[in-house]
Structures are given as C-alpha cells and as structure tokens.
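Quick notes on the structure that follows.
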Amino acid sequence: MERLRPAPHHGTAAVVMDATGHGCNGAYVNADAPGESQESGPAKRTAKQGGRTTVGFTQRARGVLRRRDSTETAGTRNVVYGPELPDESTVHLVMDLGLRIGEVQMASGAGASDVSATITAVTGAYGIPHCEVDVIYTSITVSCYRGTEFLPITSLRVVRNRSLDYTRLAEVEALVRRITESSISASDAYAELDRITAAQHPFPRWVATLAWAGMAASLSVLLGGGNAPPMLPLVAAGATALVDRVGRLLNQRALPGFFQQTVGGAIATSIALTSVAAGWLPNAALAVAASIIVLLSGMTVVGSMQDAITGYNVTAAGRIAEIALTSAGLIAGVVLALYSTTQILGADSIGGGIAVEDIGSAEVGYSVLYIPVQAIAGASAAACFALAGYSQPRPLIVAGAGGAMTASVYAVATSLAGLNTILASAMATTVVGFLGGIIARRLRIPALVVAVSGVAPLLPGLATYRGLYQLSVQGDPGGLSTLMLAAATGLALGAGVVLGEYLTQPVRTRLGRLERRMARPRMSGPLRPTRRRLD
C-alpha cells in the first residue's frame, strides 16, 4: 500500500499511485481511513474556487514526479551477462589499438568492410569478442558490449589525414597477422604500431615526384599507342612534376583539395597548350590526358565502389562526394586554361582534341607491336604509381604485373574483339582483381596495392579532356555525353576490381588459404579468423 500523503487545504484526499508509482488521473482517497472508497477510476472529488472546478497543481505535480522504487531484482529480470573481459585499462588499450589500425587502412583507401573486419579481428584476438564497429568516411566508432548490467565502453577516432603510404599499410597488415595469430601482446602491438605510424616515408619526397613524372610519361605512350611524338612523354612528365611540387607547397599551406586540383589542372593544361603553340606537339590532348590521369589516380575509386557494393552506403557516399568535388576542381582548372588560351591565342593555335571515335584506340604503325607496347606502358604506369605511393620492391613488381595485365586485356578487348570501352575496362579490372588478389595474398602483400595500381592505367583521362574540350572550346553539348562516358568508365573500373576479388574466394578456399567462408570481397586486413569466437 502507498504511504498516506497529507491532504490539500481545499480537499481531504491523497493521490492514488498505480503499480509504477504514477498518479492515477488526480484521484484523491485516503488509503488507510475506514469507510473511504478505494476507487481507481477518474477522480470525482474536486474543489470549488472562484466558481470553477479545479484540481490542485501541487498535488498533480507530486503525483507525476513521485516514483515507487522498482521491485525488480537481478533474479527476477531477464538479465544478459556480457563476456568475461580483461581489466578496463586493457579494454581501452585494445580498442584504441584497433581504431588506430583502422585509421591507417582508411587513410590508404581501404574499404569500410575491410576496416570493420580488421578491428573486429584485433579486439577479438585480445579477449573482447562482442564489439560493434561503425565506419563512416571521416570517423570510426567501436563499442564493447558488456551485458545488460553494465554500460558499454565506446571509443571513437576521427580520420583526418589521408596520406598514401603503401609501406605503412603493408607493415600494419603484417602486425595484424601477428595479432590474430596470438604471437604478440597488446602492449607490444601498440608500441609497434607507434613505431610504424611515426616512421618517415621509406623514400625521399623527390623520388615520389620522379615516379609521378614517370607515370605521366608512360600514360602518354599508353594513350598514344606507341605512335606518339617523342616530345610528348617529356612534356607530360615535366608538367606532372611541376604540378606535384606546386601541389606539395599548397598542401603545406592547408589549401583545400578542390583548389589544389584546380591549380594542378590549370598548370598541366597550360603547359600542354604552350607546347602546341610553340610547335613542340601537334596536339595537346594526350599530354593533358596523361596529367589528368595522374591527378585522378589518387582518388578512392576502388574503395568507393567496394563500399557501395558491400552495403556501406554512407561511407560510399562520402567517398563519391569527395571524388566528385575534386574532379570538379580539376575540370574547373582545365576549362579555365582552355578558355583563357583560346581567348588569347585563338582556338586554331592550340590544336584540337582527337575525334571521339579515336578515344582510347590509337594504334602503332605495326599492329603486331600494339599489344606488347600497351603491356609495357601499362606496367610502367602501374609500377610508377606504386612507387609514388612509397611501395616496397615486391609489391612494386606485382603492381607492375597487374598494370601490364590490365593494359593487355583492355587492348585485346578493344582492338581485336571490338568491345565497348566501358565493357573492356570492366573485363580488364576483373581479371586483375581475380589474379592479383590470389598472388597478393600468396605473397602476403596488400591486395589493395595491386588493385589500385592496376586500375590507374585505364582511368578515363582522355575522355575527360575530350568532353571538356567539346564544351569549352567547341561549344558542343555533346561534351556532356563524353563526360558521362568517362564517369561510367570510372565506375566500371571499381566494380570490376571488386568483382574479381570476390571471385577469388572459392579459389582460396580450395587451396586451403582460408579457414572461414567470407561474405564480402576483401582487399585489406586479415583473412584468417581469430582464435576466439566473434559471435
């Protein structure tokens, strides 16, 4: 029974409390007085004040605020007990270790599914099996479930810096393998991760600049089919090296990426147009296209498609928005240079773009040499990209092989089979994702390096330049369709890599390199399960 409350000055009733301690619509009774009604319905007794029927505000407030102490105990509730965990300081250490490993993967362009699986494996290996991981493009959240009797432990880390360093990624993946094999303690793993993330790049910065220049020269040969003028690789390499150094200076001054891309596109286009006006090049299309591909190559096309396909739609939207924004900056720089040059020198003095039907299908004088030249140029472009990303020698060689494979399959599909460029691009990257994934896991190098490097030679730089030339110089609305072709090609490249990686799973299972069945394609992180159950 409820304790009797004092009656108000204009009534002699008390508040009737229900089973939860709430007042029942302002009913006023004396629960202990004999002869009093114990009605539980709406109150009938009210006070007259000023000719109006009112209920005391104080009594109503007390009835709402008053609560009965819960009679439920741990023995009567349906209690769910959490797993037996290490001490709280160890839990925080392990969760922070997993978050920092995931940050390195996200900064390198790994997919959200890879990051989530890696963090789950790390926390499970150190005795924290029930962890929920939420990955979005700018942050990673990990929550440790401790049952219904205790609050969960939650940690969050914001991903701010996105510097490409494949050596760091490879070392982190080697550390993750040691963690999942239970061969290193949590404190030692944390110290090792500190050493990895604090280490300098394995090569000087000027080596990366030369690698970007070499990539542009290789792409100019690849786009020209080996039939390009001798000055074209030199112009493309020089323009790209200048863009890289200027971009580094702008990055040190924290200029947003949109404006960095704008400046880079304007510089590369201006140098190419100046070379045409000086008579060094007959056409600026290939030189500008090579520089555009270099500027586009750092974007996470593969990661965005992997996130979209594996169901991480928020992260995929963030990546695609970043790609769209930086691409818009690049387009603005190219259009600005084209418009300014045509206004100063005239459209005839800078040369035109090549015909739409010739995009991506230039040939050498001897058709028998076309595919070998394409393969060599593709291998050089992919290897230079991996070197610019500070890759070690073994991943560098595998990346070069992936680029050669991509260029060869694309050349055969377009020149011999006559397939559409979008379909040919998807086929080429599917083959690279399939074979490269098997080789990369066999050699214990990040499959992401092979995938991204293999995609780089086929990025639609020439189609992008042609569409911009049509719109800004020729005033042709057909440039929009050409730009849509470039966008569709980029999506096909990412989808092909993810599909190829997915197809490697049955092969790995039969070869005994997987101990569990995977639900999604993986390009980063461990493939072996932890010794503890994760469910």
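The first residue of the sequence shown is numbered 1, and numbering continues consecutively from there.
Side-chain contact check for Asp307 and Thr315: no donor-acceptor pair (N or O, by modelled atom type) lies under 3.5 Å. For the residue pair Thr326 and Gln261, no side-chain donor N or O sits within less than 3.5 Å of a side-chain acceptor on the partner. Donor-acceptor pairing under 3.5 Å is recorded for the side chains of Thr197 and Arg100. No side-chain donor-acceptor contact under 3.5 Å links Arg157 and Ser139.
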Evaluate the side-chain hydrogen bond (donor to acceptor under 3.5 Å, both in side chains) criterion for residues Ser143 and Glu132: first the C-alpha distance (whole Å), next the side-chain angles of each, then the deciding distance (0.1 Å), finally the verdict.
-> CA-CA 5 Å; Ser143 180; Glu132 296 291 339; over 6 Å; no
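A salt bridge is defined here as a Lys NZ or Arg NE, NH1 or NH2 lying under 4.0 Å from an Asp or Glu carboxylate O, and Glu171 with Arg168 fails to meet this definition.
Residues Ala381 and Leu219 share a closest heavy-atom pair of CB-CD2, 4.0 Å. When every heavy atom of Ser408 is checked against every heavy atom of Ala375, the shortest pair comes out as OG-CB, 3.2 Å. Contact detail for Ile293 and Met215: the closest heavy-atom pair is CG2-CE, 4.4 Å.
A side-chain donor-acceptor contact under 3.5 Å links Arg253 to the backbone of Leu249. Between the Ser453 side chain and the Val450 main chain, no donor and acceptor come within less than 3.5 Å of each other.
The shortest distance between side-chain heavy atoms of Val455 and Val432 does not fall below 4.5 Å.
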